Novice: 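Below: one structure in structure tokens.
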Protein chains: 2
Amino acid sequence: MDLALPQIKNLSIREQSLDTLREAILSGELKPGQALKETDLARHLGVSRAPIREALRILNSEGLVETIPYHGTTVRRLTKTDIEEIYSLRILLETYAMEQVIEKCQGADLQRLRDIVDRMVSAGDAGDLIAVNALDRDFHDALIEMSGHQLLHSMWLMVAMKVRQVMALVNRRNTDLTLIARKHLPLLDAMEAGDSAEAKMILGRHIATAGDLIAEDWVEP
Amino acid sequence: MDLALPQIKNLSIREQSLDTLREAILSGELKPGQALKETDLARHLGVSRAPIREALRILNSEGLVETIPYHGTTVRRLTKTDIEEIYSLRILLETYAMEQVIEKCQGADLQRLRDIVDRMVSAGDAGDLIAVNALDRDFHDALIEMSGHQLLHSMWLMVAMKVRQVMALVNRRNTDLTLIARKHLPLLDAMEAGDSAEAKMILGRHIATAGDLIAEDWVEP
DNA sequence: TTTTAACGCATTGTCTACAATCTACAAGCG
DNA sequence: CGCTTGTAGATTGTAGACAATGCGTTAAAA
């Protein structure tokens, strides 16, 4: 039985609804402030309200939606302060993860990160913006994973979700394609050199500038 | 109308169930690995399964329980690694919060913390272990709140919950009453002096030693 | 005109019944 | 005897109906 059949995943309606709604929020399809009426959602997805409600409770504790009793659930609004908090926490979590990675992977296992950056640079040169963004996410996700800190990872996922949402909502005029990719090179160098302080500095500034650019002209609806 | 009547809170059954279950888990009444059968919970609380299920979904995304589809929900087990992760993240979050507080409250608004520590010392001298623990929680909670970082606060709440659970599960032979309370004094001094590095060092060691003591002889059932 | 009370509508909250799925054990077949 | 397959019981997953609550509107009274 070495047949490599694809795993059949029997996801519950709740999970499917959850994934669908979460993706819609993170992609900006569902905009902050928008009302999420259980009946409507159930009808649109062709299911009953029960699994929808459970999905909404999960989204609520993930901080993506807000529920007022007997009034309704809405996509959580994002203030300028929220943006600043998201990015400051992202810096905190990622620099910590990187510190751990540097300690553990003494110049060795960083090949995984190197591969991602290489592909990112290629994609940047080719002008493939989507690929650059995907690989950028991969890079930071790999960084967290490599720390081997599960709780840190779960916390980071929450922040990363909000980052995705913010990126989707802002009028992306980011443009500088190859620049973003190549910015990761000195970071990797510092990591391989085991220079934790320098690496933290670079990563911190890297994320902070990205956050500042977005927070700068953030307009709340 | 300056009557200070207690707010009447009409909490939904879901919220009441959630609070009850969460409290039971954090207090150690519901032990790790224990099965949480929806029907049983519903019967015991005198409600239907629907609100119970929603509460369980929330507890799941808070990381307090684990659900296997069509199999059941159990209180999440805590490994030694979990303990270490919990305390390392606690250090990360609290030292960051403290750094922010030191920057903002230049020697001024630290009175709130000072009050808590004073009362903690008194309770310690009086041998009131319960009060010391409550005030210790107050202290660290106040520290986070004073950072004014809401996202940080919500993340910290998750970690703090797990800390509570761990503390409740371990065979507390902690004893050294007054010592715990007085340990906060040099921390406050450093904060008031604006010595961020020193304060971080003290707080870090403070939490780390507490965590090590527990992780040291953690036995998994 | 202003205030207040009552009502209707929309939405969420809860309950009950039924369907889908899992585990374990027993029956059938080589 | 060993393996596969079917069946039973328990538990979770879903659906639909009903109850509770909040808000806006309307109508009545001061």
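It should be emphasised that the depicted structure is a prediction, and the values quoted were computed from it without experimental measurement. In what follows, chains are A, B, ... by sequence order, proteins preceding strands, each numbered from 1.
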Novice: Would you please say whether a donor-acceptor pair under 3.5 Å links the side chains of A:T79 and A:D82?
Specialist: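 There is such a pair (donor and acceptor under 3.5 Å, judged by atom type) between the side chains of A:T79 and A:D82.
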Novice: Which residues pass the side-chain contact (heavy atoms from CB on, under 4.5 Å) test with B:D115, sequence neighbours left out?
Specialist: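 B:D115: side-chain contact (heavy atoms from CB on, under 4.5 Å) contacts with B:Q111.
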Novice: The criterion is side-chain contact (heavy atoms from CB on, under 4.5 Å); which residues satisfy it with B:A42, sequence neighbours excluded?
Specialist: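 By the side-chain contact (heavy atoms from CB on, under 4.5 Å) rule, B:A42 matches B:R49, B:I52.
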Novice: Return no unless some side-chain N or O of A:N10 is found under 4.0 Å from OP1 or OP2 of C:dA20.
Specialist: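 No, no such contact exists.
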Novice: Given side chains that start at C-beta, do those of A:N133 and A:I130 come closer than 4.5 Å, heavy atoms only?
Specialist: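 The answer is no; the side chains never approach within 4.5 Å.
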Novice: Show the distances under 3.5 angstrom between N or O atoms of the protein and N or O atoms of nucleotides 7-14 of chain C.
Specialist:
unit_1, atom_1, unit_2, atom_2, d
C:dT11, OP1, A:K37, NZ, 2.7
C:dT12, OP2, A:E38, N, 3.4
C:dT12, O3', A:Y70, N, 3.4
C:dG13, OP2, A:R53, NH1, 2.7
C:dG13, OP2, A:R53, NH2, 3.3
C:dG13, N7, A:R49, NH2, 2.9
C:dG13, O6, A:R49, NH1, 3.0
C:dT14, OP1, B:I13, N, 2.4

Novice: Nearest-Å distance, CZ (A:R43) to P (D:dT14)?
Specialist: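 A:R43 atom CZ is separated from D:dT14 atom P by 20 Å.
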Novice: Under a 4.5 Å cut-off applied to non-hydrogen side-chain atoms, are A:M167 and A:I214 in contact?
Specialist: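 When only atoms from C-beta onward are counted, A:I214 and A:M167 do touch, with a gap below 4.5 Å.
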